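As structure tokens, the structure follows; a few thoughts come after it.
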Number of protein chains: 2
Amino acid sequence: MELADEAGIESVTMRELGRRLGVKAASLYNHIAGKDDLLDGLMNLALSGIDIALDGLDWKDAMRRRAVSAREVFARHPWAAGLIDSRDRRGRESLAYVDRVLGVLIRAGFSTADAANAFLVLDSYIYGFERQRPAAPEGNGTDGTGEAREILAAIPEGEYPFAARVAAEFSGKPFDREAAFEFGLGLILDGLERSLGH
Amino acid sequence: MELADEAGIESVTMRELGRRLGVKAASLYNHIAGKDDLLDGLMNLALSGIDIALDGLDWKDAMRRRAVSAREVFARHPWAAGLIDSRDRRGRESLAYVDRVLGVLIRAGFSTADAANAFLVLDSYIYGFERQRPAAPEGNGTDGTGEAREILAAIPEGEYPFAARVAAEFSGKPFDREAAFEFGLGLILDGLERSLGH
DNA sequence: ACCTGAACACCGTTCAAGT
DNA sequence: ACCTGAACACCGTTCAAGT
């Protein structure tokens with residue numbers, strides 16, 4: 001996890017990990033089954049950081065807390081979203097996660113099928129939002145103005161007027177990703193609430 | 001693109017592509033700058049398959065058509081969603097795409113900033129939904145009942161009751177992914193419409 | 001019980017040498 | 001103008017041999 005956080009998930013190789021641990025890559029096979037096992041462990045570690053102690057909360061608050069908690073995990077571990085939704089979700093950690101979320105929704109009055117739907121829609125958005133990040137070359141934690149300026153500079157004079165307008169706007173004023181996330185999350189939660197009453 | 005569709009994006013290597021073309025990997029460098037260039041081309045090819053001839057349509061219909069068109073591309077090219085949102089979006093094809101979408105939203109009355117927000121929220125969902133696919137080992141195009149049965153079988157007796165309930169439900173009855181997609185898309189579009197009137 | 005060296009079958013990329 | 005062979009610095013994984 002340290003290696004992934006510091007050097008990026010693409011640097012998590014058996015050989016590099018061995019180097020960090022002062023050991024040859026082949027030695028790792030005494031402790032894990034292979035690279036897949038390693039990535040599964042990494043996924044579970046990230047997943048366990050998402051708050052699913054949601055009891056006693058209104059279902060909307062519970063889903064909101066889960067989403068915010070996921071975003072905190074993504075902030076610490078930028079590789080987490082990609083890993084979580086590219087891998088099998090049949091481990092115990094994944095099942096526990098799925099069970100808690102479905103439990104909240106079903107107890108709130110969603111039918112089994114509707115709860116599955118709501119879960120899929122919510123997670124599509126939560127994980128999808130993270131990956132919509134425009135692979136910032138300056139690293140994360142920026143306010144996006146530098147990137148907006150780059151894009152603006154890359155647009156040929158007079159072409160793509162709407163893209164240029166948006167790039168110009170956010171060259172001057174920072175883009176608030178968290179506000180955008182919560183705006184979209186609110187739309188979905190409100191819609192789900194309306195669908196709950198049929 | 002043929003190679004990616006038939007053998008998966010992970011099989012798209014310079015060496016394998018050379019093999020298919022009856023040529024050594026090194027020869028490819030006479031035609032493209034490198035693997036990055038190859039993947040950019042692949043992304044643009046996929047992107048150009050998404051319908052953005054949206055003129056004359058109501059903004060909601062336009063966004064719906066775009067979403068449906070994207071899903072058709074994903075059905076043909078399962079690697080497309082992952083490639084598109086993992087790569088730089090500064091090429092001409094990407095800019096054209098972004099410009100058309102923003103144009104529809106801005107002309108519909110969204111402010112520059114609100115249009116950027118709406119775009120991000122929509123694409124997070126559209127691309128995110130695709131990647132939420134539970135890497136089906138049986139290949140795609142299944143109705144999910146086989147997978148639901150596998151998950152059900154993997155759940156220890158008496159544990160994860162809600163997950164078990166959902167898995168049981170969809171062991172018998174197919175899960176309609178497209179319906180779920182459109183349900184979520186509708187929630188977001190309705191929410192955006194409401195936000196348009198403030 | 002754990003580590004190592006060596007090997008195998010892979011990667012992307014460069015570059016001098018060929019036609 | 002294009003292709004090739006050979007090389008370099010990488011991958012994941014296996015396995016006999018060491019301690």
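Just so it is clear, the model here is predicted, and its values are computed rather than measured. Chain A is the first sequence line, chain B the second, and so forth, proteins listed ahead of strands; every chain is numbered from 1.
Summarising the geometry, atom CZ belonging to B:Arg131 is positioned 13.0 Å from atom OH belonging to A:Tyr127; distances are rounded to the nearest 0.5 Å. With rounding to the nearest 0.5 Å, the separation of CG in A:Leu189 from CG in A:Leu196 is 12.0 Å. In this structure, CG in B:Asn44 is found 5.5 Å from OG in B:Ser94, a value given to the nearest 0.5 Å.
Counting non-hydrogen atoms under 4.0 angstrom, A:Ser27 reaches a base of the nucleic acid.
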Exercise. Start with the C-alpha distance between B:Tyr160 and B:Arg165, add both sets of side-chain angles, then the distance that settles side chain to side chain donor-acceptor pair (under 3.5 Å), and finish with yes or no.
Key: CA-CA 9 Å; B:Tyr160 314 120; B:Arg165 228 155 103 180; over 6 Å; no

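Hydrophobic clustering places B:Met63 together with B:Leu120 (ILVMFWY residues linked when any side-chain heavy atoms are closer than 4.5 Å, directly or through intermediates). Tracing side-chain contacts under 4.5 Å through hydrophobic residues (I, L, V, M, F, W, Y), one never reaches B:Leu95 starting from B:Ile50; they form parts of separate clusters.
In this structure, A:Arg19 atom CZ and C:dC3 atom P are separated by 17 Å, rounded to whole Å. In this structure, B:Glu10 atom CD and C:dG12 atom C1' are separated by 17 Å, rounded to whole Å. One atom, NZ of A:Lys24, and another, P of C:dA7, lie 15 Å apart when rounded to the nearest Å. Taking atom CG of B:Leu28 as the reference point, atom P of C:dC15 lies 17 Å away to the nearest angstrom. Here the P atom of nucleotide D:dT13 and the CG atom of A:Leu17 are 12 Å apart, to the nearest Å. When rounded to the nearest whole Å, the span between CD of B:Glu16 and P of C:dC10 equals 10 Å.
A donor-acceptor contact shorter than 3.5 Å is absent between the side chain of B:Ser69 and the backbone of B:Arg65.
With respect to B:Glu2 and B:Arg20, no salt bridge is recorded, no charged nitrogen being found less than 4.0 Å from a carboxylate O.
No side-chain donor from either of A:Arg92 and A:Tyr97 sits under 3.5 Å from a side-chain acceptor of the other.
Taking a pair as Watson-Crick or G-U wobble with both distances under 3.5 Å, DNA chain D forms stems of 3 or more consecutive pairs at C:4-8 with D:12-16, C:12-16 with D:4-8.
Of all the residues in residues 29-38 of chain B, B:Tyr29, B:Gly34, B:Lys35 reach under 4.0 Å from DNA chain C with at least one non-hydrogen atom.
Nearest heavy-atom pair across B:Gly186 and B:Arg64 is CA-NH1, 4.2 Å.
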Shorter than 3.5 Å, N or O on both sides, protein versus nucleotides 17-19 of chain C: list them out with atom names.
none

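Of the candidates C:dT14, D:dT13, C:dC11, the closest approach to any side-chain atom of A:Ala25 belongs to D:dT13.
For the pair A:Val23 and A:Arg15, both in contact range of DNA chain C, the more 5′-proximal nearest nucleotide belongs to A:Val23.
Between B:Phe181 and B:Tyr125, the ring planes lie parallel to each other; the angle is under 30°, not in the 30° to 60° tilted range.
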